[in-house]
Structure formats: C-alpha cells, structure tokens
Amino acid sequence: MYEHTSYPLREGLIEAHEKVWESIAEPGPFWTGTERIAMVVESRAATSCRLCAKRRQALSPYAVDGVHDNETDLDAVIVDMIHRVRSDPGRITRNMFDQVMAAGITPEHYIEIVGVVNSSVIIDTLHAALGLSLAELPTPQPDAPTGQPRANVTDGGAWVPIAVGNERPGMINGLSNNREPNIARSMGLVPSAVELFFTAFRPHYALQNIPLDLKQSQAEFIASRVSALNQCFY
Amino acid sequence: MLLRASGQPDQKDYDLNSVTDGHIDPGVDFGHWLRSLTEAAIRNRWDDLATIRDQAGAAMGTQSMVDALVVASGFNGITRVADATGIPLDENTQQMTVDMRESTGIERFNYAEKSDRFDFVTT
C-alpha cells in the first residue's frame with residue numbers, strides 16, 4: 001500500500017493501514033469477509049451515487065426517496081446506511097439508526113459496519129488526498145462470522161450501548177491518564193471494531209506531543225475544521 | 001474545542017470562530033494552507049488539491065503538508081463514527097464549552113437540533 005507515492009509517509013502508518021486492509025477481508029464477529037468488503041465497495045459507490053447527490057442538495061436528506069447506485073448484494077437498508085454515512089454524515093439523525101434497527105439489524109451488526117466503513121474512509125481519503133488511486137480491495141477470506149463474547153457495555157447516552165470505560169486504554173495517543181473519551185467507547189459493543197478503527201486512526205493524531213511535523217495547535221485546527229465541515233457535534 | 005485546549009500551553013490566542021467561518025484567520029502557523037488542504041480533501045476537490053499540495057508543500061515543507069492531510073483523513077473517519085453512533089460529548093468537555101459552542105455555531109450540530117431540522121422535512 002502507498003508504494004506508488006513519492007510523498008513521505010511514516011512506516012508505522014503504512015503498516016497500520018495494510019493491517020487494517022487485511023483485517024477487513026477477514027470474517028468479523030457478525031459479518032463475513034465478503035460482506036465486509038462489500039461494505040467498502042458501497043462506501044466508495046456512495047461518492048458517485050445519484051441518489052446521494054440529490055439528497056445532499058435537498059433541504060433534508062430524509063425527504064428524498066429513491067434507489068441508490070449500489071454495487072453489491074447487501075440488504076437495501078444497509079446500503080442506505082452506508083451511503084448516508086459516507087456521503088452526508090453531518091445530517092445523520094437518530095431516525096436513520098432507528099430505521100436500520102427496525103429492519104432487524106442488531107446494534108452489534110450496525111457497529112461492525114460503522115467500524116469497517118469508517119476505517120476504509122480514512123484509508124481511501126488519504127489515498128485520494130495524495131493523488132493516488134484507491135487501494136485495490138483484498139480478496140475476502142472464507143468462513144462464517146466468528147461471533148464474540150458479550151461485550152461489557154453501558155448506556156452512556158449514545159444511540160448504542162458503549163464500553164463501560166477504561167478497559168481498552170490507548171486507542172487515542174496522548175491521553176495523560178488513560179481516560180477513555182466517549183469516542184473510543186462508542187463502538188464498545190464490538191471490541192474488534194474498536195481495534196480495527198483505531199488501528200487505522202492512531203497514526204493520524206495524538207492529543208498531545210503529536211508525532212507529526214505539525215504543531216499541536218495546527219493539528220487541532222485541522223481536526224476542528226474537518227469536524228465543522230462534516231457538521232460533527234462531538 | 002480542541003483548539004482552545006491546545007492554545008493554552010502555547011500561550012497564544014486562537015480565533016475559534018475560524019473553525020466554522022472559513023474567512024477568519026485561525027492564527028496558527030500556515031493556517032491558510034492548512035485550511036486549503038483540509039477543505040479540498042474533505043470536499044473531494046481532488047483536482048484543486050493537486051495544485052494546493054504543490055503550493056502548500058513549497059510554503060510549509062512537504063512533510064508538514066503530507067502530515068496535514070494525514071490528520072484530515074483521520075478525522076474524516078472519526079467524525080463519521082461519532083455521527084453514526086450519536087455519541088455525546090465527554091462530561092468535562094460538555095461543561096467547559098457551553099459558551100464556545102454557542103458562539104461558534106457548533107451547537108447547531110447537536111443530535112437533537114439535527115433531528116429537528118432534518119427528520120420532519122417532507123418536501
């Protein structure tokens with residue numbers, strides 16, 4: 001991965017992204033490797049989907065019905081979820097989450113999708129930002145979903161139960177007291193999704209002493225600007 | 001929110017409204033180039049970004065330019081995790097940023113306000 005760029009990327013970031021890419025192709029606790037790769041395919045399809053484009057132009061994305069330009073056999077409600085997360089994250093509401101649940105998707109299944117899609121968003125965004133072709137998708141590994149033990153979660157005021165906290169410190173670099181912020185607890189229903197996502201994210205940021213050629217204030221400005229552009233409250 | 005926290009050790013003042021207002025100078029080094037790189041990357045303006053990369057790299061150094069895109073791409077993912085899970089602010093952040101969220105317009109991004117604005121629009 002990234003072998004065709006002359007831009008200086010740190011080895012740790014490349015290794016992390018390669019590890020994540022391989023992991024996405026493996027069966028997760030609730031989805032097969034084939035389904036996880038299909039999630040990435042749909043995330044990419046959302047960037048050129050005509051329905052998503054119409055929704056972005058609308059006063060509300062929930063006022064526009066239609067069929068997505070989907071490229072996989074994933075269930076329509078999952079395709080819709082992935083396309084919304086990829087193409088218009090700032091206007092996701094509880095309504096979307098409730099519609100997914102009403103279709104019989106469990107919160108655990110939902111969280112695994114969130115983890116896979118957004119890990120791939122990080123990797124795809126960096127490729128595109130550096131002027132590179134998107135990484136070739138890995139071959140899905142066979143076998144059924146692995147399942148998982150019941151996660152240790154609590155009601156933390158999110159749409160899904162979140163990790164109790166301080167069980168998996170170190171997801172974000174630079175925390176002085178191993179305190180887990182809510183964002184690191186948000187996918188606690190599926191610990192492997194936490195691991196997958198933060199393996200991809202960790203080389204991109206630290207809360208202090210950032211190990212990049214940027215001052216902390218510069219990194220915070222970029223982070224805050226992205227949050228504003230994506231209309232992210234957190 | 002994070003920008004104010006990091007400004008304290010620097011003993012510098014940053015204009016937090018620069019986060020939501022693209023015309024305000026944030027006061028950080030190479031703020032213009034950081035903004036240009038970030039906005040082009042997050043808004044998928046790939047053709048513009050090719051030129052911006054060259055110009056920003058010449059101004060601030062290639063490694064810094066690349067690292068700016070590294071931070072932006074990471075946050076393009078993590079903001080979606082927050083948006084898709086409805087995760088609330090951490091308690092201390094919630095308490096410390098009430099005024100700032102109002103003055104910068106960030107409060108408009110909270111989940112209840114989004115539901116009010118988007119869920120019941122039918123035309």
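Every chain is numbered from 1, with letters handed out A, B, ... down the list of sequences.
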Region of [X] that comes under 4.5 Å of a non-hydrogen atom in chain A:
| X | answer |
| --- | --- |
| B:R80 | both |
| B:I42 | side chain |
| B:L49 | side chain |
| B:E113 | neither |
| B:R43 | side chain |
| B:A50 | neither |

* To do: Evaluate the criterion side chain to side chain donor-acceptor pair (under 3.5 Å) for residue pair A:R55 and A:Y62; output intermediate values, then yes/no.
  => CA-CA 8 Å; A:R55 285 179 169 173; A:Y62 303 97; over 6 Å; no
Pair [X] and [Y], ring centroids less than 6.0 Å apart:
| X | Y | result |
| --- | --- | --- |
| B:F75 | A:F201 | yes |
| A:Y110 | A:W159 | no |
| A:H4 | A:H127 | no |

Given the options [options], which has more heavy-atom pairs under 4.5 Å with chain A than any of the others?
| options | answer |
| --- | --- |
| B:V66, B:L34, B:D67 | B:D67 |
| B:T38, B:N110, B:T85 | B:T85 |
| B:L69, B:N44, B:T62 | B:L69 |
| B:L37, B:T79, B:I52 | B:T79 |
| B:F30, B:F109, B:W46 | B:F109 |
| B:A68, B:A40, B:G57, B:A41 | B:A68 |

* **A:Y205 and A:E220: CA distance, side-chain angles, deciding distance, side chain to side chain donor-acceptor pair (under 3.5 Å) verdict** => CA-CA 9 Å; A:Y205 178 71; A:E220 306 302 1; 2.8 Å; yes
Is chain B contacted by the side chain of [X], its backbone, both, or neither, given a heavy-atom distance below 4.5 Å?
| X | answer |
| --- | --- |
| A:R10 | side chain |
| A:I111 | side chain |
| A:L13 | side chain |
| A:M81 | neither |
| A:I162 | side chain |

Option in [options] with maximal non-hydrogen atom pairs under 4.5 Å from chain B:
| options | result |
| --- | --- |
| A:A200, A:P203, A:G156, A:A128 | A:A128 |
| A:G90, A:A219, A:S120 | A:G90 |
| A:V160, A:D124, A:I210, A:L130 | A:L130 |
| A:N230, A:V114, A:T47 | A:N230 |

Say whether, by atom type as modelled, one donor and one acceptor occur between the side chain of [X] and the main chain of [Y] under 3.5 angstrom.
| X | Y | result |
| --- | --- | --- |
| A:E112 | A:F30 | yes |
| A:E180 | A:A163 | no |
| B:K114 | A:Q231 | yes |

* The single option from A:I92, A:L51, A:D88, A:T93 passing side-chain contact (heavy atoms from CB on, under 4.5 Å) against A:P61 -> A:D88
* To do: Test A:L126 against every option in A:L132, A:V121, A:L9 by the side-chain contact (heavy atoms from CB on, under 4.5 Å) rule and name the one that passes.
  => A:L9
* Asked: Would B:D90 and A:Y234 count as a side chain to side chain donor-acceptor pair (under 3.5 Å) if you check the C-alpha gap in whole Å, the side-chain angles of each, and the deciding distance to 0.1 Å?
  -> CA-CA 8 Å; B:D90 296 281; A:Y234 186 84; 2.4 Å; yes
* Structure fact -> CD (A:E18) and CH2 (A:W21) are apart, to the nearest 0.5 Å, by 11.5 Å
* Can you tell me how far the OG atom of B:S115 sits from the CE atom of A:M96, to the nearest 0.5 Å? -> 11.5 Å
